[in-house]
Amino acid sequence: MYAKIYRPRPSAMSSGRANTHKWHFEFESAEPRSIDPLTGNAVSADTREQIKMMFDTLEEAVSYAQSNGIPHHVLGTQDMKRIPRSYSENFAFDRKLPWTH
């Protein structure tokens, strides 16, 4: 069973950056999920996929995986580029795109 190490990106629906600075360590599912005939929910007998750990740095997460003999892969991350703007810039005279409703 592989583990994936990644740093989550913030939601596209908000500009907040909460919980995006730590590295997440999660196990991938070893077997496909099946449908429970009684409830119709997707179930799995693999309890390792419920484990989610967070580390401050990538090196800590990788060293944890190596010290416990867990095969892992690191997913690449891209930092968001934030362009600081003020509310008044929406109504600027020299705006590049026209502001219409």
Side-chain angles (χ1 to χ4, degrees):
M1 173 177 293
Y2 279 97
K4 63 180 177 179
I5 301 171
Y6 66 97
R7 196 169 69 190
R9 296 197 34 108
S11 169
M13 302 304 292
S14 68
S15 61
R17 295 182 181 211
N19 299 326
T20 61
H21 302 294
K22 294 192 182 265
W23 288 86
H24 289 229
F25 182 92
E26 296 179 359
F27 288 99
E28 293 181 348
S29 180
E31 58 188 42
R33 293 177 179 246
S34 60
I35 303 296
D36 183 19
L38 181 63
T39 61
N41 295 335
V43 296
S44 175
D46 186 17
T47 58
R48 281 183 138 192
E49 66 183 51
Q50 297 174 6
I51 299 173
K52 295 177 174 57
M53 295 183 279
M54 289 189 280
F55 294 93
D56 290 329
T57 62
L58 174 62
E59 291 77 22
E60 289 178 7
V62 170
S63 67
Y64 174 81
Q66 290 175 348
S67 66
N68 290 314
I70 301 169
H72 63 281
H73 60 276
V74 178
L75 301 177
T77 61
Q78 295 178 350
D79 290 333
M80 274 185 46
K81 295 179 183 174
R82 185 170 181 158
I83 302 169
R85 293 190 178 123
S86 66
Y87 179 72
S88 63
E89 289 181 17
N90 291 331
F91 308 101
F93 178 73
D94 58 346
R95 187 179 163 107
K96 293 190 174 38
L97 297 173
W99 186 71
T100 61
H101 282 4

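FYI, the numbering just counts along the sequence from 1. Values below: every heavy atom of this structure, side chains too, minus hydrogens, waters and symmetry copies.
Criterion: ILVMFWY side-chain heavy atoms under 4.5 Å apart, direct or through other members. Under it, Met54 and Leu58 are not part of a common hydrophobic cluster. If you chain together hydrophobic residues whose side chains sit under 4.5 Å apart, Leu75 and Ile51 never meet in one group. Taking hydrophobic clusters as Ile, Leu, Val, Met, Phe, Trp and Tyr residues chained together by side-chain heavy-atom distances below 4.5 Å, Tyr2 does not share a cluster with Val74.
His21 places none of its side-chain heavy atoms less than 4.5 Å from the side chain of Arg7.
For the side chain to side chain contact (heavy atoms under 4.5 Å, CB included) test, no residue two or more places apart in sequence or in another chain qualifies with Gln50. Thr39 meets the side chain to side chain contact (heavy atoms under 4.5 Å, CB included) test with Asp36, Asn41; sequence neighbours excluded. Taking Thr57 as the reference, nothing meets the side chain to side chain donor-acceptor pair (under 3.5 Å) condition, with sequence neighbours excluded. For Thr20, the side chain to side chain contact (heavy atoms under 4.5 Å, CB included) partners two or more places apart in sequence, or in a different chain, are Pro10, Arg17. Ser67 pairs by the side chain to side chain contact (heavy atoms under 4.5 Å, CB included) definition with nothing, not counting sequence neighbours.
Sequence neighbours left out, the pairs with a member in residues 43-63 that pass ring-ring contact (aromatic ring centres under 6.0 Å, His included) are Phe55-Tyr64. Here salt bridge (charged side-chain N to carboxylate O under 4.0 Å, His left out) pairs that include residues 54-65, with residues two or more places apart or in two chains, are Lys22-Asp56.
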Can you list, pair by pair, the side-chain donor-acceptor contacts under 3.5 Å of residues 25-33, counting residues two or more places apart and other chains?
{"from": "Glu26", "atom 1": "OE2", "to": "Tyr6", "atom 2": "OH", "distance (Å)": "2.7"}
{"from": "Glu28", "atom 1": "OE2", "to": "His73", "atom 2": "NE2", "distance (Å)": "3.3"}
{"from": "Ser29", "atom 1": "OG", "to": "Glu31", "atom 2": "O", "distance (Å)": "2.6"}
{"from": "Ser29", "atom 1": "OG", "to": "Glu49", "atom 2": "OE1", "distance (Å)": "3.1"}
{"from": "Arg33", "atom 1": "NH2", "to": "Glu49", "atom 2": "OE2", "distance (Å)": "2.5"}

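In terms of heavy atoms, Pro71 sits closest to Gly69 at CD-O, 3.5 Å.
Listed by chain and number, the hydrophobic cluster partners of Ile35 come to none, as no ILVMFWY side chain reaches under 4.5 Å of it.
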